[in-house]
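Shown next, in structure tokens, is the structure this report addresses.
As the structure lists them, so they are numbered: ligands from 1, and atoms in each ligand from 1.
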Amino acid sequence: MACQQFDLVADYLQIPTDDRERLKVPKRSLTVAVPIHRDDGSTQVFQGYRVQHHLSLGPTKGGMRFHPDVELGEVAALAMWMSWKCALTNLPYGGAKGGVNCDPRKLSVTELERVTRRFTQEIISFIGPQVDIPAPDMGTNEQTMAWMMDTYSVHMGYSVPGVVTGKPVLLGGSVGRREATGRGVGYLANRAMDVLGLESSKATAVVQGFGNVGSVAAFSLARFGVKIIAVSDAFGGVYNQAGLDLIALDKYVTANRSIAGFPGGDLISNEQLLELQCDILVPAAMERQITGANAAKIKCRILAEGANGPTTPEADKIIDQREEIFVIPDILCNSGGVVVSYFEWVQDLQSFFWNESEVVDKLFRILENAFTQTLTLSRKNKVSMRTAALILGIQRVHQAKKMRGLFP
Ligand code: NAD
């Protein structure tokens with residue numbers, strides 16, 4: 001998917017063949033074995049990956065995913081998207097991504113710590129505040145980042161908070177980082193409502209995934225007055241046309257680690273949820289949720305892509321024909337996370353910390369700029385919002401490579 005999207009834009013921009021290879025092939029791809037002792041005394045070996053897509057604009061940046069399906073191709077695609085996302089928002093980074101093919105729900109806390117520390121040790125010469133700065137993604141969180149930061153710091157002999165972002169605030173994390181991605185989704189969906197002339201107090205939203213991104217996006221949209229009528233996670237979904245009680249739902253999920261069984265609405269499958277009539281649809285779980293098979297059936301006005309790669313190129317072709325749907329593409333829509341990760345890194349390097357209103361104000365300024373530039377280019381060149389966002393990102397990386405030469 002990532003390569004197909006790149007090729008389309010490279011054709012559009014008439015990027016020479018030699019330059020395409022350099023833009024596409026990751027600079028570094030690392031595969032490591034991550035052996036751990038399980039609590040029952042047995043030994044298990046997981047596979048860990050880290051891909052750094054390009055170094056032309058600075059160190060690389062991107063999340064660490066713990067999920068059983070993690071594999072090198074997926075990580076490489078996500079690293080490429082991170083590159084375009086960082087360039088679109090003018091952050092001084094190349095893209096990276098990483099992960100371990102483990103299921104965090106099937107590991108104890110001590111086992112998770114062992115996976116994280118061993119994985120960090122295996123990739124330690126390839127990360128660092130000036131080299132590559134990991135962050136949380138699916139299946140990882142502030143605790144994972146604290147373990148990574150500690151393992152790296154033990155190796156160096158002193159505390160290095162700037163090696164990861166998305167840490168606990170106490171250890172040099174930034175206020176507002178945990179909420180940043182979902183908050184950005186809310187902000188941009190609200191901007192899209194302005195563009196379409198929709199009133200937020202009359203709008204409805206459906207959110208797939210109720211993890212970090214999905215839950216905060218739901219709350220953020222609700223704060224703009226939007227009614228959240230359905231949400232789901234990997235274990236089930238809940239639907240209530242009158243609007244879900246998000247506070248009760250959040251408490252339920254904290255207690256039960258899943259939405260399944262929440263009494264405040266009717267049961268709904270993930271497939272049905274994506275096809276509900278609503279104003280805003282927020283896929284905030286996995287890749288490839290909107291496909292050639294269901295793209296003609298979705299019934300939203302705004303598709304706000306909280307997840308990375310939720311829409312396949314086949315689905316894109318169908319949605320491009322459906323002019324009533326306004327797409328906020330993933331590299332724009334979920335960029336709030338990496339923007340506040342950048343703020344966290346800057347604060348760590350300076351050991352000078354900002355308050356939440358400074359963080360949110362600076363976040364919204366960057367998102368506003370990226371949104372306006374994407375919308376303007378999309379209208380001027382009569383291309384989709386996704387193509388416009390990719391053009392801005394890819395063009396900047398291409399220019400940087402041309403200016404610098406072959407090294408990065
Ligand atoms: P998370 O692990 O906190 O939450 C993921 C949620 O998706 C969970 O509720 C899980 O149950 C649900 N889910 C998993 N598989 C599903 C399925 N098949 N159907 C429905 N729900 C399913 O992860 P997150 O950090 O919220 O990340 C979600 C997405 O957002 C990913 O694509 C990630 O790459 C992207 N993203 C995250 C961030 C960030 O800051 N966390 C930033 C940018 C992009």
| said: Can you list everything that forms a ring pair (Phe, Tyr, Trp, His ring centres under 6.0 Å) with Trp81? Sequence neighbours excluded, please. | reply: none

| request: Classify the ring geometry between Phe326 and Phe371 as parallel (under 30°), tilted (30 to 60°) or perpendicular (over 60°). | output: tilted

| note | Close residues (non-hydrogen atom under 4.0 angstrom from ligand 1) work out to Arg65, Asp137, Met138, Gly139, Arg177, Thr181, Gln208, Gly209, Phe210, Gly211, Asn212, Val213, Asp233, Ala234, Asn270, Ala284, Ala285, Met286, Gly306, Ala307, Asn308, Asn334

| In chain order, what residues pass the salt bridge (charged side-chain N to carboxylate O under 4.0 Å, His left out) check against Asp39, with sequence neighbours excluded? | Arg114

| said: Looking only at the side chains, is there a donor atom on one of Thr140 and Arg65 sitting less than 3.5 Å from an acceptor on the other? | reply: no

| task | For residues 187-200, pull every pair meeting salt bridge (charged side-chain N to carboxylate O under 4.0 Å, His left out), keeping only residues two or more places apart or in separate chains. | result | Arg191-Asp194, Arg191-Glu368, Glu199-Lys202

| query | Is the CZ atom of Arg379 crowded by more than 12 outside heavy atoms at less than 6.0 Å? | reply | no

